[in-house]
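To keep things clear, I will list the structure first and then write my remarks on it.
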Number of protein chains: 2
Amino acid sequence: MGIADKETRNVPTLASIAERVGVSVNTVSRALRAPNTVRVELRRRINAAMEELNYVPNRLAGGLSGTRSDIVGVVVTSLYYSEFASIVDTLQSALLEQDLQVMLANTRYNPDQEVRLVRSILSWRPAAVAIIGVDHPPKVVELLKASGIPIIEMWDVGGEVIDTAVGMDHASIGAAQATHLIAEGYARLAFVGSLRENDRRAQKRLRGAETAVVAAGLPEIVRLTTQQNGSPDLGERLTHELLEQHPEVDAIVCNSDVVAFGALRALKRSGRRIPGEIGVLGFGDNEASSCVSPSLTTVRPDRERIGKLTAEAILARINDGAPKTTVVDWELIIRESTRRRDSQNQ
Amino acid sequence: MGIADKETRNVPTLASIAERVGVSVNTVSRALRAPNTVRVELRRRINAAMEELNYVPNRLAGGLSGTRSDIVGVVVTSLYYSEFASIVDTLQSALLEQDLQVMLANTRYNPDQEVRLVRSILSWRPAAVAIIGVDHPPKVVELLKASGIPIIEMWDVGGEVIDTAVGMDHASIGAAQATHLIAEGYARLAFVGSLRENDRRAQKRLRGAETAVVAAGLPEIVRLTTQQNGSPDLGERLTHELLEQHPEVDAIVCNSDVVAFGALRALKRSGRRIPGEIGVLGFGDNEASSCVSPSLTTVRPDRERIGKLTAEAILARINDGAPKTTVVDWELIIRESTRRRDSQNQ
DNA sequence: TGGCACAAAGTTAACGGTAACGCAACGATC
DNA sequence: GATCGTTGCGTTACCGTTAACTTTGTGCCA
């Protein structure tokens, strides 16, 4: 039950409607696409027939015949732990208002998958593609360029842009993280968390921090990273390792807030005072970061703004606007986990 | 630069390849779909030409002509705060292995959007549709049934199923939440958080809890809910209200962990001892729930399992398997925020 | 050496729409 | 009353690909 036999499965087409109403196929098509060119009364009968037969237009046919598609391909590197979920969320709802449908792909930081997924998405002849990052395998760049459609790169802006980008300057984020810790009197920094080979954004942040540390005449940042997914358990495990191997460290920059949650847990279990003995700083401003104790200092990317600006950029480019790269602001949210001085209140 | 003029934009087709290689269009098509029917050497030349021209097949045409589509429509009610992001994540990667492409829609708990989005997704003639919930507007049910494709309802199982469902029994979750609190000695329960008119799952949990409370001879559950999105700030606000209006309450069931985070914050600010004076219980097992203090008792849905089983159900149904409803287990994770007795350790 | 099976390619006709064009009926215009 | 623009609809020709046939070429056997 529920599924009709394949033989009898008879999805209505424009022709079914046309036959039922007694007009030509094209008139029915017009009733949909240019309603004011069809008599009111006839239009009413056509709409009634469509409603009655539960007609759903076939966009495969429409897209093939017509000139424009209304798919927007969205390629993210992860969805888990909500890293890009809220960007997709706002982007999708903004596009929906223009009747654009999101087709989603998740590369999970795998460049081979990225090539495959981009190819797959392009095969649907989307009106535009939005993709996380500005660093892609050469084949991806080639395919996207050859497609001739607007390409919006999100989240990052540093580097070679294909067409249009909406993102943050990650090097400056890393610099701000380090600078803040140094200003609070921390001197031996560590970077902890997942640092995937293909997560160029994290690498840029780390390099930005490194530069600030060097400029301050402090010793190099200790790195304890893996290719795995970030999680509290990972943060806890790496932090324990760190305490053992590098007892001199007095501040930890985590690649994401969820990793920082684990770091806090590990430090508390080891009896370290935060922020007195050791500071912890995250990235991403997870919804729980203001609720853990001590509350977590972190960087808040304006995800909604990125989603919204991406939608706007897509629409602008579809309507022949010029390519444009927009740098989106972020905010260092200073909370308890790094605040040694009493200078600020929040 | 980047985008070719519309006039010159000349995306390669099978015909371009055919002409370049000097064979018929169909031979090129065969080289893709049934490679072993084409001479090895010719196949090599065809592949080389495709590579060179950056050929990307047009699935609009393929889908229109061929018999099967490889889109799977996925309809969720939210993505924000990662509620369903990890389901989509696992679902997508499992489908990818079968070369099925996810088309995503997010209704944001708006039934009108749901109708519109389902219609939009069906217009791409997907091979199957996976959708959150078993309670849909009548028109959605009608459209999905009329489509004649496999429909997998996720997350919930209680009620009328269209075709196949993979989800949890939310009434029993609510009952377990209340039963646990009662066993810990709490007697005046409250339900706090966003309770959207169209979030039937939350309503089922609340009813399940209500039934358990009544069975224990305790007074009715106090409700303090809104239609807004759940967030820590919302939880904090509602909890302050609750403390004022219903000082007798000694246990709070939050509709989501992020709301519970805010509740914890509010209670700590008011100087209440948790779990001594008042208990807090969440839903969803947010990644931070084990990291807040006190750590949060919550219900852990097996999201990955739901995603994986949904993918399996889709494949089974596409290959003419029978419709089947699967009830997925969940787990009550007892942590500090409700544990008054010393009986358990974790 | 003729006949036949099979492999490898070409031909043709859909698939369900949309766009361009054609044409009748009608009122407005001079 | 002939001319013309408009309105409202029908005809026809694609869009790029696949499936079902048809044709051609090749090796094998009697």
Side-chain angles (χ1 to χ4, degrees), chain A residues 6 9-46 49-50 53-71 120 122-127 147-148, chain B residues 6 9-46 49-50 53-71 99 119-120 122-127 147-148:
Chain A
K6 274 180 182 165
R9 183 194 299 183
N10 212 1
V11 234
T13 68
L14 277 191
S16 330
I17 310 288
E19 192 182 9
R20 181 173 255 254
V21 179
V23 292
S24 82
V25 173
N26 198 352
T27 304
V28 182
S29 173
R30 261 189 292 249
L32 277 175
R33 316 198 55 73
N36 53 331
T37 65
V38 177
R39 255 184 312 136
V40 181
E41 190 272 341
L42 182 53
R43 200 162 72 211
R44 213 189 38 69
R45 279 168 52 211
I46 291 175
M50 287 181 171
L53 295 179
N54 275 319
Y55 171 74
V56 176
N58 183 337
R59 303 231 198 174
L60 300 177
L64 181 60
S65 169
T67 41
R68 86 153 152 278
S69 135
D70 42 15
I71 291 184
S120 172
L122 288 178
S123 73
W124 291 102
R125 297 296 184 265
S147 71
Chain B
K6 273 181 182 164
R9 182 192 300 181
N10 212 0
V11 233
T13 68
L14 279 189
S16 331
I17 311 289
E19 192 182 9
R20 182 172 252 256
V21 179
V23 292
S24 81
V25 172
N26 201 340
T27 304
V28 182
S29 172
R30 262 190 292 251
L32 278 174
R33 319 197 56 72
N36 54 332
T37 64
V38 177
R39 259 184 310 135
V40 181
E41 190 271 342
L42 183 55
R43 201 162 70 209
R44 212 189 39 67
R45 281 170 47 215
I46 291 175
M50 286 181 173
L53 295 179
N54 276 318
Y55 171 73
V56 175
N58 183 336
R59 301 228 198 174
L60 299 178
L64 181 59
S65 170
T67 41
R68 84 153 154 280
S69 141
D70 41 16
I71 291 184
D99 278 310
R119 204 186 286 272
S120 171
L122 288 178
S123 73
W124 292 102
R125 298 293 183 263
S147 72

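So that the names make sense, note that chain A is the first sequence line, chain B the second, and so on, each numbered from 1.
Rounded to a whole Å, the CZ atom of B/Arg43 is 15 Å from the P atom of C/dA7. Protein atom CD1 of A/Ile17 is 13 Å distant from nucleotide atom P of C/dT18, rounded to whole Å. Put simply, CG on B/Leu64 is 4 Å from C1' on C/dC15, counting in whole angstrom units.
Within the 4.0 angstrom heavy-atom criterion, base atoms lie near B/Ser24. Counting any heavy atom pair closer than 4.0 Å across all strands shown, B/Leu42 reaches sugar-phosphate atoms only and no base atom. Using a 4.0 Å heavy-atom cutoff across all strands shown, A/Arg30 reaches at least one base atom of the nucleic acid.
Looking at heavy atoms from C-beta onward, B/Trp124 lies in side-chain contact with B/Leu60 at the 4.5 angstrom threshold. The shortest side-chain heavy-atom distance between A/Ile71 and A/Arg59 does not fall under the 4.5 Å cut-off.
No side-chain N or O of B/Ser123 forms a donor-acceptor pair with one of B/Ser120 less than 3.5 Å apart.
Nucleotides of DNA chain D that come within less than 4.0 Å of any heavy atom of chain A span, from the 5' end to the 3' end, D/dG8 to D/dG16.
When the side-chain nitrogen and oxygen atoms of A/Tyr55 are compared with OP1 and OP2 of C/dG17, one or more of them lie within a distance under 4.0 Å. Side-chain N/O atoms of B/Thr27 include one lying less than 4.0 angstrom from OP1 or OP2 on C/dG10.
Distances were taken from every side-chain heavy atom of A/Ala61 (C-beta onward) to each of C/dT18, C/dA14, C/dG17; the shortest belongs to C/dG17.
Distance check, rounded to the nearest 0.5 Å: CG of A/Asn36 to CZ of A/Arg30 gives 11.5 Å. Atom OG1 of residue B/Thr13 and atom CD of residue B/Glu19 lie 9.0 Å apart, to the nearest 0.5 angstrom.
DNA chain C is contacted by both B/Ser65 and B/Val38; B/Val38 maps to the nucleotide lying nearer its 5′ end (nearest heavy atom per residue).
The base of C/dT18 does not come close enough to the side chain of A/Asn26 for any donor and acceptor atom to sit less than 3.5 Å apart.
The residue from B/Val28, B/Val11, B/Ile17 that alone fulfils the side-chain contact (heavy atoms from CB on, under 4.5 Å) condition with B/Tyr55 is B/Ile17.
Shortest non-hydrogen contact noted between A/Val21 and A/Arg45 is O-NH2, 2.9 Å.
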